[in-house]
Structure formats: C-alpha cells, structure tokens
Number of protein chains: 2
Amino acid sequence: MKTVHKEHTLTKNQQIIFDLIDKSPEPMKAYSILFNVQKKGIKAPLQVYRALDKLVEIGKIHKIESRNAFIACHNSSCQMANATAFSICEICEKVTEISSAGLSKYLANFKDKDGMKYSKYNLEFFGLCKKCKVK
Amino acid sequence: MKTVHKEHTLTKNQQIIFDLIDKSPEPMKAYSILFNVQKKGIKAPLQVYRALDKLVEIGKIHKIESRNAFIACHNSSCQMANATAFSICEICEKVTEISSAGLSKYLANFKDKDGMKYSKYNLEFFGLCKKCKVK
DNA sequence: TTACATCTTGTTATATTATAACAATCTAAA
DNA sequence: TTTAGATTGTTATAATATAACAAGATGTAA
C-alpha cells in the first residue's frame, strides 16, 4: 500500500481521483470527476478539490488553466510541476503535454527586462491537432 | 465618437469597462468590474462578460487565466492578442505583461515533436517581483 | 426612406467552478 | 501511547460564467 517515496504516497481519495484522471484520454473537470467517483464514496466537491490541490502540488497532475480541467502528468511524474507546457486543439480540445528540453531550458533561462528569472511557469499553445487540421 | 478603424470602435458598455480596466493598476475580476460599473447602468454579469469577451477578442485586454482576471494590453494594443506572456508575483499578485521580441519569436517558431507550430499561446511566469523579493 | 439583417442590449434565471468553517478521524513519529 | 499534524466528511455558501429570449440600435442596400 505504501510506495518507497513518501512524497508519492497517495491517500485513498487522492488515489481514486488520480487513477480516474490517469485513465482518462482527455482532461477532466472537477465536477465530472465528482460524478465519476460518487460510487466510490466521494460525495462532496471539497473532497475532490482537496485531492486535486494535493495532486497538483506534488506534480502528479496538472491543471489546464484555460479549460479548468486536469490531466495526469506523464513527464516522469512530478518533476515538471513547476514548469509546464501544453498544446491544446481548439476544435477537438485534445490536450498534450509538451516535453521539450529546449523549450524548458529556454523558459527557465528567460530573463525579463529587469533581469528577472522565473523557474515556475505555465505555457499553453493553441492550434489544431493533426487530425483536426486534415478535416 | 467613432475611431478611424472600425475594428477598434467600442460600444458604450465596452468603453466603460475598458476604461475601468485600463485605469486599474492591477488585474480586475469580473464581479469587481460589475460592482464598479453599476453606477453607470451596467447591472448584470452578462453585460460585463459580453464586453470582456469582445475586448479580449479584439486584443484590448487579456485574461490572466490562472487568476480569472483581466488587464489592459499595453503592447501597442491588440496586436498581441494571440501571443501573450505575463509575469505574476506570487506574493503581491502584481502582473506585468512581458513584451520580448526574443521570447515571442522563440515561441512563435517553436515546433513540437510532431513538427507542429503554434501562433497562438499564453505564457504565465510565476515568481517574486522586485519589491517582494527584498522583503 | 424603408425594410431587412445583424449586432448589441437588458433581463431573468441558472449552470459551473471553488472555498469557508468546523468537528471527527486517521497517521506517523517521538 | 500519546500527541501533532494531516486528512476526511459535511453543510453551507461564495465566486465565476453562460443560456435563452425579447427589445432596441445600427448599417446597408434597394
């Protein structure tokens, strides 16, 4: 029941909700998650939001801010919690996490006009996915 | 009453709401905007959201997705509507629009692993602003 | 000018997303 | 085994956003 690393130990609710998001082919919204886990005893929005907050915090999932939806992290789990990039299809709403060493290096080293650096960022690209482009 | 370019002509509600946001030193939330324009006859959330939608569409304002708040565009107005970058202070919540030719060039030319390019994106950097860093 | 299409408005109601507050329970480590 | 801290369950409510529809304004073309 326990994993080796404490930082990855999920509580029951967290595990249930993570499993659901992880299996979903698309980002899930909080109340859709709630609906799906009610049969497992999670009945209230707060129970969902608390688990989501924690999962985001430890990097197991990410929030797609422009969609108010959540997806599981597949970039060697939890390392990318503070530096995320996604592509979002404006037609089918497919979301893909971008893992590009070049991009993350560029952004982590970016200095604004005051010379300030930022190790934490969220980038959302919008366009058409391959499938929708063809149509 | 009319400006030279039709695409910049604002309706009464749009103008009232844009002026308010433009004067604000910080991003404004929809219901705070509503509260502030009620004395000018804008009484319902939908009137605010409709104006906001239009102002975002034509690039006069931007939405800070992670904060559900809106700020006026100061990058030669409306040209940056589809390619936005901001720095956000995690303590005082100060938000600054980043206008960096290098950054926008890099992101506009970024290709994902499928070779796909995206002309539209939103980037939010998080950190501490100068003032909050000192404290 | 008139008539039409389109856009914008005003309004009520409601949907969706998220948090406050607090008592009870569980868990990990001393 | 006790105690501090995290997590849970629960009710209520706050904050953000859209649906639906009637009425009014505006541009344009005959």
Side-chain angles (χ1 to χ4, degrees), chain A residues 1-21 24 26-58 60-71 93 95 122, chain B residues 1-21 24 26-58 60-71 93 95 122:
Chain A
M1 190 62 90
K2 291 178 188 173
T3 61
V4 176
H5 304 94
K6 169 156 194 296
E7 63 270 30
H8 294 179
T9 306
L10 301 184
T11 64
K12 183 165 143 279
N13 286 2
Q14 289 162 9
Q15 190 69 57
I16 289 170
I17 287 172
F18 175 73
D19 287 345
L20 179 66
I21 297 172
S24 171
E26 62 212 13
M28 294 195 74
K29 302 194 140 218
Y31 278 71
S32 157
I33 292 167
L34 176 59
F35 179 80
N36 275 275
V37 296
Q38 277 179 330
K39 49 182 168 278
K40 301 207 171 167
I42 297 176
K43 291 173 194 160
L46 240 201
Q47 294 174 286
V48 173
Y49 280 104
R50 284 199 281 230
L52 290 175
D53 285 351
K54 193 66 180 182
L55 291 168
V56 165
E57 184 190 323
I58 64 180
K60 298 284 287 181
I61 65 173
H62 303 303
K63 182 173 187 181
I64 310 301
E65 292 286 356
S66 66
R67 300 300 187 260
N68 295 319
F70 300 84
I71 64 171
E93 293 290 325
V95 173
N122 180 56
Chain B
M1 193 62 91
K2 290 177 187 171
T3 62
V4 177
H5 303 92
K6 170 149 194 302
E7 64 269 29
H8 294 178
T9 305
L10 301 184
T11 65
K12 184 165 143 279
N13 286 2
Q14 288 162 11
Q15 189 70 57
I16 289 169
I17 287 172
F18 174 72
D19 287 345
L20 179 66
I21 296 172
S24 172
E26 63 212 11
M28 292 195 75
K29 303 193 140 221
Y31 277 71
S32 156
I33 292 168
L34 175 59
F35 178 80
N36 276 274
V37 296
Q38 277 180 330
K39 48 181 169 276
K40 301 207 171 167
I42 297 174
K43 292 173 192 159
L46 199 40
Q47 296 175 284
V48 172
Y49 280 104
R50 282 199 283 230
L52 289 174
D53 284 351
K54 193 66 179 183
L55 291 168
V56 165
E57 184 190 324
I58 65 180
K60 298 284 287 181
I61 64 172
H62 303 304
K63 182 172 187 181
I64 309 302
E65 292 287 355
S66 67
R67 299 299 187 261
N68 296 320
F70 301 84
I71 64 169
E93 292 292 325
V95 173
N122 180 56

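Letters A, B, ... are given to chains in the order of the sequence lines, protein chains preceding strands, and every chain is numbered from 1. The structure displayed is predicted, hence computed values, not measured ones.
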### Query
Within this structure, what is the CD-to-C1' distance between Glu57(A) and dT7(D), rounded to whole angstrom?
13 Å

### Summary
Its contact letters, B for base, S for sugar-phosphate only and - for none at protein heavy atoms under 4.0 Å, make nucleotides 11-22 of chain D read B----BBBBB--

### Separation of atom CD1 in Ile58(B) from atom C1' in dT8(C), rounded to whole Å
14 Å

#### Entry: With Asp19(A) via side-chain hydrogen bond (donor to acceptor under 3.5 Å, both in side chains) - residues at least two apart
Gln15(A)

### Task
Tell me, please, which residues at least two apart from Phe35(B) pass side chain to side chain contact (heavy atoms under 4.5 Å, CB included).
Gln38(B)

### Task
For the helix from dT1(C)-dA30(D) to dA30(C)-dT1(D), measure the angle between the helix axis at one end and the axis at the other, each built from five pairs, rounding to 10°.
40°

### Protein-nucleotide distance (Leu10(B), atom CG; dT9(C), atom P), rounded to Å
10 Å

### Query
What is the distance, rounded to the nearest whole Å, between atom NZ of Lys54(A) and atom P of dT27(C)?
15 Å

Anything under 3.5 Å between a protein N or O and an N or O of nucleotides 23-26 of chain C, put it in a table, one pair a line.
none

### Task
Can you tell me the distance, in whole Å, between the CZ atom of Phe35(A) and the P atom of dT17(C)?
15 Å

### Message
Test of understanding: with salt bridge (Lys or Arg N to Asp or Glu O under 4.0 Å), list the residues that count as partners of Glu57(A), not counting sequence neighbours.
### Response
Lys54(A)

#### Entry: Approximate separation, where rounding is to 0.5 Å, of Ile71(A) CD1 and Ile61(A) CD1
9.5 Å

### Query
Rounded to the Å, how far apart are Glu65(A) CD and dT17(C) C1'?
12 Å

### Task
Could I get the full list of side chain to side chain contact (heavy atoms under 4.5 Å, CB included) partners for Glu26(A), not counting sequence neighbours?
Ser24(A)

### Query
Taking only residues two or more places apart in sequence or in another chain, which ones pass side chain to side chain contact (heavy atoms under 4.5 Å, CB included) with Asn122(B)?
Phe126(A), Glu65(B), Thr84(B), Phe86(B), Glu124(B)

#### Entry: Partner residues of Arg50(B) under the salt bridge (Lys or Arg N to Asp or Glu O under 4.0 Å) criterion, sequence neighbours left out
none

### Task
Give a yes/no answer on whether the side chain of Thr11(A) brings an N or O atom under 4.0 Å of OP1 or OP2 in dA6(D).
no

### Task
For Leu52(A) and dT7(D), give me the distance from atom CG to atom C1', rounded to whole Å.
15 Å

### Task
Starting from C1' on dT11(C), measure out to CD on Gln38(B) and report it in whole angstrom.
14 Å

### Query
Given dT9(C), is OP1 or OP2 found less than 4.0 Å from the side-chain N or O atoms of Gln47(B)?
no

